[in-house]
Q: 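Please see the structure below; I have some questions.
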Amino acid sequence: MNSPDTVAKSGATFREARTADLPAILALLADDPLGKYREMALPGEAEIPAAYRTAFETIAADPRNRLIVAEVDGAVAGCLQLTFIPGLTYQGGERAQVEGVRISAAVRGQGLGKAMMAHAIPVLDRKSVV
């Protein structure tokens, strides 16, 4: 078995999700005990239900949301969504909610989830994915 840092050291990259990533993201969301009953993983982009497309477009257009994917060897292997929430605490500061974190079964246990979270923490400060 690979060490926990194998994926991170092997060149995983993180970026904002693109429309073309939607089938891979849906497959990740459907590949867990809860998701397999509530999500629809479909093989091709043409078959994606309109509700998923609308949600993706809404997230992509909202400056308070980031949908980040992790790529390993050119394929989407993980995803997470960051939602920035304004608040009155901390003198009007913001906080972020992290949700929809998923890692491909092919690379689970290799440190990609940890690397994604480490990537997300600085994003909270700069609100962009570069």
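Since this is a predicted model, take the numbers as computed values, not measurements. Numbers for residues simply follow the sequence, beginning at 1.
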Q: With sequence neighbours excluded, tell me which residues meet side chain to side chain donor-acceptor pair (under 3.5 Å) with Gln91.
A: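 With sequence neighbours excluded, Gln91 shows a side chain to side chain donor-acceptor pair (under 3.5 Å) to no residue whatsoever.
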Q: Look up atom CD in Glu94 and atom OG1 in Thr83, then write down how far apart they are to the nearest 0.5 Å.
A: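 One gets 11.5 Å once the value is rounded to the nearest 0.5 Å.
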Q: In Å, rounded to the nearest 0.5 Å, how long is the span from CG of Asp32 to CD1 of Ile103?
A: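 Result: 12.0 Å between the selected atoms.
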Q: Within the 4.5 Å heavy-atom criterion, are Cys79 and Ile68 side-chain neighbours or not?
A: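 SC-SC contact between Cys79 and Ile68 ruled out.
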Q: Could you tell me the separation between the OH atom of Tyr52 and the CG atom of Leu26, rounded to the nearest 0.5 Å?
A: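 It comes to 5.5 Å.
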Q: Which residues pass the side-chain contact (heavy atoms from CB on, under 4.5 Å) test with Ala70, sequence neighbours left out?
A: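 By the side-chain contact (heavy atoms from CB on, under 4.5 Å) rule, Ala70 matches Phe14, Leu112, Met116.
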Q: Find out whether His119 and Leu80 are in side-chain contact, i.e. whether some heavy atom of one side chain is under 4.5 Å from a heavy atom of the other.
A: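 His119 does not reach Leu80 side chain to side chain.
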Q: What's the spacing between Thr54 OG1 and Ile59 CD1 if we round to 0.5 Å?
A: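 So the OG1 of Thr54 and the CD1 of Ile59 are separated by 11.0 Å.
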Q: Indicate the atoms forming the closest heavy-atom contact of Gly100 with Leu29, along with that distance.
A: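 Nearest pair, atom of Gly100 first, then Leu29: O-CD2, 4.0 Å.
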Q: Find out whether Leu67 and Glu16 are in side-chain contact, i.e. whether some heavy atom of one side chain is under 4.5 Å from a heavy atom of the other.
A: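 Side-chain contact under 4.5 Å: no.
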Q: Under the rule for salt bridge (Lys or Arg N to Asp or Glu O under 4.0 Å), what residues qualify as partners of Glu71, not counting sequence neighbours?
A: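 For Glu71, the residues satisfying salt bridge (Lys or Arg N to Asp or Glu O under 4.0 Å) (neighbours in sequence not counted) are Arg15.
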Q: What is the minimum heavy-atom distance between Asp31 and Ala105, and which atoms define it?
A: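 So the two residues come closest at OD2-CB, 3.7 Å.
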Q: Test Gln97 against Ile85 for side-chain contact (heavy atoms from CB on, under 4.5 Å), laying out the working first.
A: CA-CA 7 Å; Gln97 176 175 309; Ile85 305 165; 3.9 Å; yes
Q: Arg95 versus Pro86: any side-chain heavy-atom pair under 4.5 Å?
A: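 Result no, sub-4.5 Å side-chain heavy-atom pair not found.
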Q: Answer whether the closest heavy-atom distance between the side chains of Arg53 and Leu22 falls below 4.5 Å.
A: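 Yes, side chains in contact.
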Q: Can you sort out the partners of Asp62 under side chain to side chain donor-acceptor pair (under 3.5 Å), two or more places apart, ordered by chain and number?
A: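 Asp62 satisfies side chain to side chain donor-acceptor pair (under 3.5 Å) with Asn65 once adjacent residues are dropped.
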Q: To check you understand the geometry: which heavy-atom pair defines the closest contact between Val98 and Val101, and what is its length?
A: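 In terms of heavy atoms, the two residues are closest at CG1-CG2, 3.6 Å.
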Q: For the residue pair Arg66 and Phe84, what are the closest heavy atoms and their distance?
A: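 That closest heavy-atom pairing would be CG-CE1, 3.9 Å.
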Q: Ala24: which residues meet the side-chain contact (heavy atoms from CB on, under 4.5 Å) condition with it, sequence neighbours left out?
A: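 If we apply the side-chain contact (heavy atoms from CB on, under 4.5 Å) test to Ala24, skipping adjacent residues, the hits are Val76.
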Q: Return the minimal non-hydrogen interatomic distance between Val107 and Ala77, and the atom names on each side.
A: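 It is CG2-CB, 4.0 Å.
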Q: Give the minimum heavy-atom separation between Thr19 and Pro23, together with the two atoms involved.
A: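 Heavy atoms only, the tightest pair is O-CD, 4.2 Å.
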Q: For Leu88, does the CG atom sit with more than 12 other heavy atoms under 6.0 Å from it, leaving out its own atoms?
A: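 For Leu88, atom CG is not crowded (no more than 12 foreign heavy atoms under 6.0 Å).
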Q: Once side-chain contact (heavy atoms from CB on, under 4.5 Å) is applied, do any residues pair with Ala118, and if so which ones, sequence neighbours excluded?
A: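 Result, side-chain contact (heavy atoms from CB on, under 4.5 Å) vs Ala118: none returned.
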